[in-house]
Amino acid sequence: MQGESPVGIIRNAAATAKINVTKLRGNVSVLEGSGGNIVVLTGRDGKVLVDAGIAASRPQITEALATLSHDPVKHLINTHWHFDHTDGNEWLHCIGAEIAAHENTRKHLSVTTQVKDWNFTFPPAPAAALPTKLFNSEQTLHLNGATLALKYYPPAHTD
């Protein structure tokens, strides 16, 4: 593959991406525009985010989160290890989020991973970006009046 990696192109675009906020139902919203979509559950237990988007979008994500509530971000759930879902892990952890994920997500983020089709090698993620609340099959969280069922599905998009 010749030229710039899609990873660099996506990260550069994220720096100026507009974040669209859509209220879905009750205290659940979705942020679109920084890599993978980010689901947000607001409430007294602090904001719960499903996926972290791309770190270059931090200012826009921060602004979008502020439109939903003044609750701090306390919980982050990674659906899988791909950069467009985990690139923002470190800054979210540094502002107080505990990161939960399947143990394979931590495994992949902890090592160098080359993706030949993208002409890119991902270095190991910094320690602050790694999930610390791990599960291997299922885990249930009770946050902000909701029951969140985290479940491992056999390998599909990722393992």
Side-chain angles (χ1 to χ4, degrees), residues 5-7 10-11 14 19-58 61-62 64-65 68-69 71-118 120-159:
S5 166
V7 175
I10 292 167
R11 283 182 169 157
I19 305 298
N20 296 308
V21 179
T22 304
K23 289 238 181 202
L24 298 178
R25 182 176 73 183
N27 57 342
V28 179
S29 299
V30 66
L31 309 182
E32 299 170 284
S34 176
N37 295 335
I38 301 169
V39 175
V40 183
L41 173 68
T42 59
R44 71 179 184 278
D45 296 318
K47 288 184 183 89
V48 179
L49 274 57
V50 178
D51 288 331
I54 298 175
S57 297
R58 179 181 181 170
I61 293 171
T62 300
L65 289 170
L68 297 174
S69 75
D71 304 322
V73 177
K74 290 292 186 182
H75 308 274
L76 170 60
I77 300 165
N78 288 151
T79 58
H80 64 292
W81 69 273
H82 289 163
F83 82 100
D84 57 324
H85 296 262
T86 60
D87 202 54
N89 277 13
E90 183 176 27
W91 77 263
L92 288 163
H93 171 77
C94 289
I95 65 166
E98 175 184 57
I99 305 171
H102 185 271
E103 60 190 17
N104 287 343
T105 299
R106 182 181 170 93
K107 177 183 78 174
H108 287 293
L109 290 174
S110 298
V111 298
T112 299
T113 303
Q114 183 181 29
V115 180
K116 290 182 183 179
D117 288 346
W118 292 351
F120 195 85
T121 300
F122 293 94
L130 298 175
T132 57
K133 187 171 192 170
L134 304 175
F135 68 95
N136 62 13
S137 61
E138 294 184 33
Q139 184 171 54
T140 302
L141 304 174
H142 300 280
L143 298 165
N144 296 331
T147 300
L148 308 174
L150 310 182
K151 182 174 173 47
Y152 172 74
Y153 290 93
H157 181 62
T158 66
D159 65 353

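Quick caveat, the model's predicted, so the values are computed rather than measured. Side chains are part of it too, since the values below use all heavy atoms of this structure and drop only hydrogens, waters and symmetry mates.
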Practice problem: Sequence neighbours left out, what passes salt bridge (Lys or Arg N to Asp or Glu O under 4.0 Å) with Lys23? Give chain and number order. | Solution: none

Exercise. Could you tell me whether the side chain of Ser5 and the main chain of Trp118 form a donor-acceptor pair under 3.5 Å?
Key: yes

Quiz prompt | Those residues that, when tested against Thr147, pass side chain to side chain contact (heavy atoms under 4.5 Å, CB included) (two or more places apart) | solution = Thr140, His142

Quiz item: Which pair of heavy atoms, one from Ile99 and one from Ala128, lies closest together, and at what distance?
Solution: CD1-O, 3.8 Å

Quiz item: Does any pair with a residue in residues 80-106 pass salt bridge (charged side-chain N to carboxylate O under 4.0 Å, His left out), and if so which ones, sequence neighbours excluded?
Solution: Arg11-Asp87, Glu98-Lys133

Exercise. Would you mind listing every side-chain hydrogen bond (donor to acceptor under 3.5 Å, both in side chains) that reaches into residues 33-43, with sequence neighbours excluded?
Key: Ser34-Ser57

Quiz item: So do His75 and Leu143 actually touch side chain to side chain, heavy atoms under 4.5 Å?
Solution: yes

Quiz item: Can you name the residues that form a side chain to side chain donor-acceptor pair (under 3.5 Å) with His82, not counting sequence neighbours?
Solution: His80, His157

Practice problem: Kindly compute the distance separating CG (Asn27) from CZ (Arg25), expressed to the nearest 0.5 Å. | Solution: 9.5 Å

Quiz prompt | Set of side chain to side chain donor-acceptor pair (under 3.5 Å) partners for Asn104, sequence neighbours left out | solution = none

Exercise. Check side chain to side chain contact (heavy atoms under 4.5 Å, CB included) between Ile95 and all other residues, then give those that pass, not counting sequence neighbours.
Key: Arg58, Val73, Trp91, Leu92

Quiz prompt | Close side-chain approach of Leu49 to Leu41, heavy-atom, < 4.5 Å | solution = no

Self-check item: All pairs passing ring pair (Phe, Tyr, Trp, His ring centres under 6.0 Å) where residues 19-38 contributes a residue, at least two apart
Solution: none

Quiz item: Which heavy atom of Pro131 sits nearest a heavy atom of Thr105, and at what distance?
Solution: CG-CG2, 4.2 Å

Quiz item: Got a sec, which pairs hit salt bridge (charged side-chain N to carboxylate O under 4.0 Å, His left out) with one end in residues 30-48, sequence neighbours left out?
Solution: none

Quiz prompt | salt bridge (charged side-chain N to carboxylate O under 4.0 Å, His left out) contacts touching residues 135-146 (sequence neighbours left out) | solution = Glu138-Lys151

Quiz item: Is Ile10 close to Phe83 at the side-chain level, that is, under 4.5 Å between some pair of heavy atoms?
Solution: yes

Quiz item: Is the side chain of Thr112 donor-acceptor paired with the backbone N or O of Pro123 at a distance under 3.5 Å, no angle test?
Solution: no

Quiz item: Which atom names give the shortest non-hydrogen contact between Val21 and Ala64, and what distance separates them?
Solution: CG2-CB, 3.6 Å

Quiz item: Is the side chain of Asn144 donor-acceptor paired with the backbone N or O of Gly46 at a distance under 3.5 Å, no angle test?
Solution: yes

Quiz item: What are the two closest non-hydrogen atoms of Leu130 and Ala125, and how far apart are they?
Solution: CD2-CB, 4.0 Å

Quiz item: At their closest point, which heavy atom of Leu109 faces which heavy atom of Trp81, and how far apart are they?
Solution: CD2-O, 3.6 Å

Exercise. For Asp51, enumerate each residue passing the side chain to side chain contact (heavy atoms under 4.5 Å, CB included) test, keeping only those at least two apart in sequence or located in another chain.
Key: Asn78, Thr79, His85

Exercise. Just do the side chain to side chain contact (heavy atoms under 4.5 Å, CB included) check on Leu31 and Asn20 with the steps written out, would you?
Key: CA-CA 6 Å; Leu31 309 182; Asn20 296 308; over 6 Å; no

Self-check item: Worked verdict on Leu150 versus Leu141 for side chain to side chain contact (heavy atoms under 4.5 Å, CB included)
Solution: CA-CA 8 Å; Leu150 310 182; Leu141 304 174; 3.9 Å; yes

Exercise. Could you pull out the closest heavy-atom pair between Ile19 and Gly33, with the gap in Å?
Key: CD1-C, 3.9 Å

Quiz item: Checking side chain to side chain contact (heavy atoms under 4.5 Å, CB included) for the pair Ile38/Ile61: CA distance, chi angles, key distance, verdict?
Solution: CA-CA 9 Å; Ile38 301 169; Ile61 293 171; 3.9 Å; yes

